[in-house]
2 protein chains.
Amino acid sequence: MAATLKDVALAAGVSIKTVSNVINDYQHIRADTKQRVMEAIDELGYSPNLSARSLRSGRTGVIGLAVPELSLSYFAELADAVITAAERRGLKVLIEQTGGGDRARELEILRSPRLQMTDGLLFSPLGMSNEDAHYLDVNFPLVLLGERIFGGPTDHVTMSNVESARAATAHLISKGRRRIAVVGGHRGEVIGSAGLRLRGYQQALEEAGIPFDPALVGHTTFWHRANGATSMRELLESGVEFDAMFGMNDTLALGAMRVLQEAGRRIPDDVAVIGFDDLDEGRYSLPTLSTIDPGRVEIADTAVRVLQERISRRDGDTPPREFEARYQVIERESSALPG
Amino acid sequence: MAATLKDVALAAGVSIKTVSNVINDYQHIRADTKQRVMEAIDELGYSPNLSARSLRSGRTGVIGLAVPELSLSYFAELADAVITAAERRGLKVLIEQTGGGDRARELEILRSPRLQMTDGLLFSPLGMSNEDAHYLDVNFPLVLLGERIFGGPTDHVTMSNVESARAATAHLISKGRRRIAVVGGHRGEVIGSAGLRLRGYQQALEEAGIPFDPALVGHTTFWHRANGATSMRELLESGVEFDAMFGMNDTLALGAMRVLQEAGRRIPDDVAVIGFDDLDEGRYSLPTLSTIDPGRVEIADTAVRVLQERISRRDGDTPPREFEARYQVIERESSALPG
DNA sequence: CGGCAATCCTACAACGTTGTAGACTCGCGG
DNA sequence: CCGCGAGTCTACAACGTTGTAGGATTGCCG
């Protein structure tokens, strides 16, 4: 079986505590004993039992990341960034999938005892709404991601949804467009990605003195490619005129672009398009997709940092903080027109 | 902080072992004591400390999954399937990223302190090659995924690379195509996804009596969208003629399609295209992408099942087994021609 | 009614680690 | 020469759980 401190201690002729001290870089150890211990460790191929260590210390060195589905590119890229950020800080990441917006499963995650293998949780809900905020008041370190809940009882790392959506819309306006369709609206939503981004869209219109036309907003339940396609088909059938489109995320935009092209609309000539998320995919679509980089890497870094602070300080009393990542408009072919 | 067995035992007026027995569904417990214990558990909000449990039992209930990067859609979808399969079996998944084909990092994962808190590892290398097979001979349960190493010392779950690539090529041939370009070749590779799929391609040509023309094979180091684009650009510049293209994966195929369209080639009319992987993305590209479904879900299910068997049986002696998932040709618009 | 098995429960000892308290050496100043 | 602090090491007791062995209590059979 695997060697333990005891075995190493025996081999090196010291107490187990001394071995433990060597491993934990305790200051006052004679150079020669230290070396003897190191040799014994190498020889036996010892490595510490992390279950025992975390039983003793109360820490596992693992954080949980709960996202809807890794098949959704945005969450896959987020998970990538989180794992990378965590690794830099010596943490491992255990990933849970809550399903695409399944509120019940999301609540279950918050209750589940299984999370005990982790020191804290990065939680990105999709089905919960602001009324569920009190469920976030749990007794373990929790950092909230995403735009479903604001003003909750925990730290929160989010995008600048309103501002960046306004910038995206303003970008289309700066290209001379005035009839800007939207794909991905959620009826009646005020916060949540859809609500916030629609607000940004409206703000940009207002600033440009363009009246808001509800007929230009396509609604979808989910934000998959298929929904973007369907929504665009509906817009086209409705006969409403438009010379630009803002996709609430890249996946929607790509699905919608596909339908536009089938319908014979040229992009960007007939319809200028911008998405949201800066997925790798948009870099190689035809045409390449203009988009908003929502600062995914910054979000992941901040979230992991803040969670780690909460874990190590154990300060349940510091009031919850809110962080907004910096965004960036990325112009590609789908909106490249003489400004 | 959190309640322990001791607290519950005190509250219920029984010994801690009895509480433990209730939790573990031990047979011989009087109904009324059981109920008293349950009530105490509910009241105190007790949930078992998993570190202690796994120190005692030697199991953590967590498996590791090491993949190159989650940003690569294939691995994101694989991770999704693995997490889903693991959950069905009561296991959690800790994900480790090795970087896109970084052999040194892959080897390090195998050496790393028992991969921290996991009972076993699903390992999908990209940089290691068959000569590294002996590194897989580790003292923890390990199941190998992917096509980099065959005949190694561990269980191995893989795609039917040769057969399915042959089927993909045969599909193009059945559409009347005879000059079939390939994107994604690795020079000199015999096994590995590129080597195997190229072999399948050649077999299909041979069966159809079409001579193999090396000029039709585009080489790339990586399999990202950009590589597909670059490779296709090179093929076009080389002036070689072709009426079909087999992308060694969907990402390559999509990148290459993009370049073909820019160059004015119609798909599928001028060039019929098929990819490999059945990524969600290909369902919404323009045109939609024909592809091979390599049986990703089956691979994940099998891998998790086999790993769990190795973990629970602890039978280091059963000889390593090899599993091949069933594939399927999926015809979409990019190769839809009168057969 | 004695005895024996089945049932129900408990005390104790691990699992491998680290914090605490303290023992034993030095070297040095008083 | 003693005392003292710094340096080096050790013994012991936890962390929360479960396996083992065995002590009570019951039911049932002869």
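Every chain is numbered from 1 and lettered A, B, ... according to where its sequence line falls, protein lines coming before strand lines. Predicted model, so just to flag it, every value in this text is computed and none were measured.
- Remark: C1' of dG19(C) and NE2 of His28(A) are 16 Å apart, rounded to the nearest angstrom.
- Between the P atom of dG16(C) and the CG atom of Leu50(A) lies a distance of 13 Å, rounded to the nearest Å.
- Between Tyr26(A) and dT20(C), a side-chain N or O to OP1/OP2 separation shorter than 4.0 Å is absent.
- Ion pairing between Arg148(A) and Asp132(A) fails under the 4.0 Å rule for side-chain N and carboxylate O.
- Whole-Å rounding puts the Leu5(A) CG to dT18(C) C1' distance at 9 Å.
- Residues Glu147(A) and Thr158(A) have side chains that bring a donor and an acceptor to within less than 3.5 angstrom of each other.
- Separating the CZ atom of Arg30(B) from the P atom of dA6(C) is a distance of 19 Å, rounded to the nearest angstrom.
- Rounded to an integer number of Å, the gap from Met117(B) CE to dG16(C) P is 14 Å.
- Salt bridge annotation for Lys92(B)-Glu87(B): absent, with no cationic side-chain nitrogen under 4.0 angstrom from a carboxylate oxygen.
- Ring to ring, Phe323(B) and His156(B) are not that close: their centroids are 6.0 angstrom or more apart.
- For Ser20(B) and dT18(D), the shortest distance from a side-chain N or O to OP1 or OP2 is below 4.0 Å.
- Taking atom CD of residue Gln27(B) and atom C1' of nucleotide dG19(D), one finds them 17 Å apart after rounding to whole Å.
- Rounding to the nearest 0.5 angstrom, the gap separating the OG atom in Ser54(B) from the CE atom in Met117(B) is 5.5 Å.
- A salt bridge links Arg321(A) with Asp155(A); the closest basic N to acidic carboxylate O contact falls under 4.0 Å.
- Whole-Å rounding puts the Arg53(A) CZ to dG19(C) P distance at 10 Å.
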N/O contacts under 3.5 Å, protein versus nucleotides 10-15 of chain D?
residue : atom : partner  : partner atom : Å
dT10(D) : OP1  : Ser15(A) : N            : 3.2
dT10(D) : OP2  : Ser15(A) : N            : 2.8
dT10(D) : OP2  : Ser15(A) : OG           : 2.9
dT10(D) : OP2  : Thr18(A) : OG1          : 2.3
dA14(D) : N3   : Arg56(A) : NH1          : 2.8

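- Contact annotation: Thr33(B) side-chain N/O to dC8(C) OP1/OP2 distance is not under 4.0 Å.
- Between the CG atom of Asp7(B) and the C1' atom of dT17(D) there is a distance of 13 Å, given to the nearest Å.
- Salt-bridge formation is not detected for the pair Asp277(B)/Arg296(B): no Lys NZ or Arg NE/NH1/NH2 atom is positioned less than 4.0 Å from an Asp or Glu carboxylate oxygen.
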